[in-house]
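One structure is given here, and the rest of the page talks about it.
As the structure is a computational prediction, the values presented were derived from the model and not from experiment. Values below: all heavy atoms of this structure, side chains included; hydrogens, waters and symmetry mates excluded.
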Number of protein chains: 2
Amino acid sequence: MTEKPPREGKRPTIADVARAAGVAPAIVSRALSPSRRPVSLEKKERVLKAAAELGYHQNPLARGLATKSIDLVAVIINYLSDLSDLDLFDPLLDAIQSLGKQAILIRVGRTKRIDDFLRNSLSYHVHAALVFSDFADAGEVRALFHSDNVLMLNGRFDAESARIRIDEQSGIDELVRHARGRGVGSAVLVTGRVSSLVEEARIAAYRSACAAAGVRLLSEVGGDYSYGSGVKAAAVIAVAMPEAVFCTSDSMAMGVMDGLARAGRRPPADYLLYGFDAVDKGNFAAYDISSVGFDRSALVAGILAYLGAPEEFPAAGLDIPTRFIARGTG
Amino acid sequence: MTEKPPREGKRPTIADVARAAGVAPAIVSRALSPSRRPVSLEKKERVLKAAAELGYHQNPLARGLATKSIDLVAVIINYLSDLSDLDLFDPLLDAIQSLGKQAILIRVGRTKRIDDFLRNSLSYHVHAALVFSDFADAGEVRALFHSDNVLMLNGRFDAESARIRIDEQSGIDELVRHARGRGVGSAVLVTGRVSSLVEEARIAAYRSACAAAGVRLLSEVGGDYSYGSGVKAAAVIAVAMPEAVFCTSDSMAMGVMDGLARAGRRPPADYLLYGFDAVDKGNFAAYDISSVGFDRSALVAGILAYLGAPEEFPAAGLDIPTRFIARGTG
DNA sequence: GTGAAAGCGCTAACAC
DNA sequence: GTGTTAGCGCTTTCAC
């Protein structure tokens, strides 16, 4: 490393570089930042050289104070599982970092003083906010995040908000039609956290798909997305055994499968079983559950496009289609 | 909301509050921040009142520039799975936020220019860094992170570094003794990413535990922690069927289980199977795998203690013990 | 206990 | 193209 700060114990500043390069501080700023102001090639090189020799690095705080913006993207979640799964998270982080920004991960409970919390924090000054959490609707979030760029990914968008929507209806329609095609006339739906708008929409999609396909929905059993709640649901389901079980998560489907196995019922022989949110790779042999999924990389690509040029993002938002994935259970 | 900024379109500053309260800006700063300088109760109340009326909120950037520190905790990872699992992540985020700080999540690949990357970014100014990634050893990280507080959680600590260590040896010893107690004389070890120091130590722990307990390690099969790599490993294992299979992750154990099932071998009747990193709750009935786990909440509590008072953290670091968890497969 | 004033390190306006 | 000069909003001496 070639670091030798001019003043002992202090990091070199733009002034130090300017002195070393024999130019004005403003030139250094222009040479080192994506400024649109012109700098002669010769001075630019001198500056770059001096900066390297001094081991100069920008102070993002000072830069942020001056420009009133900061290379940070806030990712707003309730639970980490709001990010669907780990397959989404790592590429998302990569995407954010590839833009020279970093991700600040904010977990918002259902507290009322979210605004105070946010406004006092760095998150209020971020370049953009990605809202996965269903804590607030588009209007509130816009008000909250000042002039910042907000992308709604939680389903709570309105006409004015930038948004990416997972179009679950398409995959669910396909799934239910598939079941119908295999002779299913009646089914039970196992649901997750109904407080969530996304879940509400998902349930509605199942209802309408069933109505359209001519599948009778015998009942809806409440769960919480977890394997355990699926096992519990199975006890209820076993009473009036339907021809098919639709679950709004794969984990619940696994639970239902194990729960019903205790009663000697196994898919696909005794009933058809469908999950939701298929992760493409690494499916367990023991739980080869038919499901609905979407292309994670398409979602990340959409987010990346938004982050790169928010103003050019389609006003109508972006829709990511889902598709039915046939596996062993249905 | 009671927000009425004095100048149109601009957020109120400390100067606005000072004017409204009829005091000097310095007083406002002292009243509103945990400053040790005294402020008369009466003025403090005036300030608080004015701030509330104006809807004043601190600008963390300006504060950070002045104090050279910022209420951000950097979480350094390679993959999100470095955080063990989701059960760890949500409580960790809660812990960080409960301290009034926020988490900035940084994914470092194996790139060489990490230092440049970090020094130019906010992460360089954070209050503390939690290093889960094995990208660098303690010395490098300390050099990199300036004077900041660094907690090593990746096993790459030295005598001077603050660290929390998961003591895997204890749980592995227990596991191997347990296998020996059930008559196991020979076993195969399925390993993960061997480039990682943690994995290296884990493998060494198995070796020494086997030597101590008198279990012969027939071979070591390389995997990558994933279910799929476990399935592949099973093909190799099936050739010379050992009495037990130890896997350094639960996912690989699941894969091994399914892979060997194709050859008609099922635990615990035909062999004993052990995983690693048990998540306590929600174990799948179909994969009831004996494993080694540790108390996630103890880890989070340790991190919280460090974050709250880094200088009071035990110089010797903290050890989180692991324990063997007996389940159906061994 | 209080306030004026000098930074923190950078960018943006404005002259040249 | 270049340099000078004000800030950005806060904390912190330092004098009172």
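- For the pair A/Leu61 CG and D/dC8 C1', the computed distance is 12 Å after rounding to whole Å.
- Checked against D/dG3, D/dG9, D/dC10, the side chain of A/Leu65 finds its nearest nucleotide in D/dG9.
- Listed pair A/Thr13 / C/dG9 fails the phosphate criterion, with no side-chain N or O lying under 4.0 Å from OP1 or OP2.
- For a distance-only test at 3.5 Å, the side chain of A/Arg30 fails to qualify as a donor-acceptor partner of the base of D/dT2.
- Taking the charged nitrogens against the carboxylate oxygens, B/Lys49 and B/Glu45 have no contact shorter than 4.0 Å, which rules out a salt bridge.
- Of the side-chain N and O atoms in A/Lys43, none sit less than 4.0 angstrom from OP1 or OP2 of D/dG1.
- Remark: P of C/dG9 and CD1 of A/Ile70 are 16 Å apart, rounded to the nearest angstrom.
- Using a 4.0 Å cut-off between charged side-chain N and carboxylate O, A/Arg107 and B/Asp94 make a salt bridge.
- Using modelled atom types, no side-chain atom of A/Ser33 and backbone atom of A/Arg30 make a donor-acceptor pair closer than 3.5 Å.
- Nearest to the side chain of B/Arg63, among C/dG9, D/dC10, C/dG1, sits D/dC10.
- Taking the side chain of A/Asn59 as heavy atoms from C-beta on, and the options C/dT2, C/dC10, D/dG3, the nearest nucleotide is C/dC10.
- Taking the nucleotide of DNA chain C with the nearest heavy atom to each of B/Val23 and B/Lys68, the more 5' of the two is matched to B/Val23.
- The base of C/dG9 has none of its N or O atoms less than 3.5 Å from a complementary donor or acceptor on the side chain of A/Arg11.
- Taking atom CD of residue B/Gln58 and atom C1' of nucleotide D/dC8, one finds them 15 Å apart after rounding to whole Å.
- An OP1 or OP2 oxygen of C/dA12 is reached within less than 4.0 angstrom by no side-chain nitrogen or oxygen of A/Ser29.
- Residue-to-nucleotide proximity on DNA chain C shows that, of A/Ala62 and B/Arg37, the 5′-proximal contact is made by B/Arg37.
- Taking atom NZ of residue A/Lys44 and atom C1' of nucleotide D/dT2, one finds them 15 Å apart after rounding to whole Å.
- To the nearest 0.5 Å, the span separating CG on B/Leu153 from CD1 on B/Ile76 amounts to 11.0 Å.
- Listed candidates were C/dC8, C/dG9, C/dT11. Nearest to the side chain of B/Ala66 is C/dC8.
- B/Asp16 has its CG atom 9 Å from the P atom of D/dC10, to the nearest Å.
- When distances are taken from the side chain of B/Ala26 to each of D/dC10, D/dT12, C/dT2, the shortest belongs to D/dT12.
- B/Asp137 and B/Arg142 are not joined by a salt bridge, as no carboxylate oxygen comes within less than 4.0 angstrom of a charged side-chain nitrogen.
- One finds the CZ atom of B/Arg63 at 11.0 Å from the CG atom of A/Leu61 (value rounded to the nearest 0.5 Å).
- The separation between B/Ile14 atom CD1 and D/dT12 atom P is 11 Å, rounded to whole Å.
- Atom pair B/His125:NE2 and C/dC10:P shows a separation of 9 Å (rounding to whole Å applied).
- Side-chain to base pairing of A/Arg46 with D/dT2: no donor and acceptor N or O lie closer than 3.5 Å to each other.
- When distances run from any side-chain atom of B/Ser40 to the nucleotides D/dG9, C/dG9, C/dG1, the shortest one goes to C/dG1.
- Atom CG of A/Leu122 and atom P of D/dG9 are 15 Å apart (whole Å).
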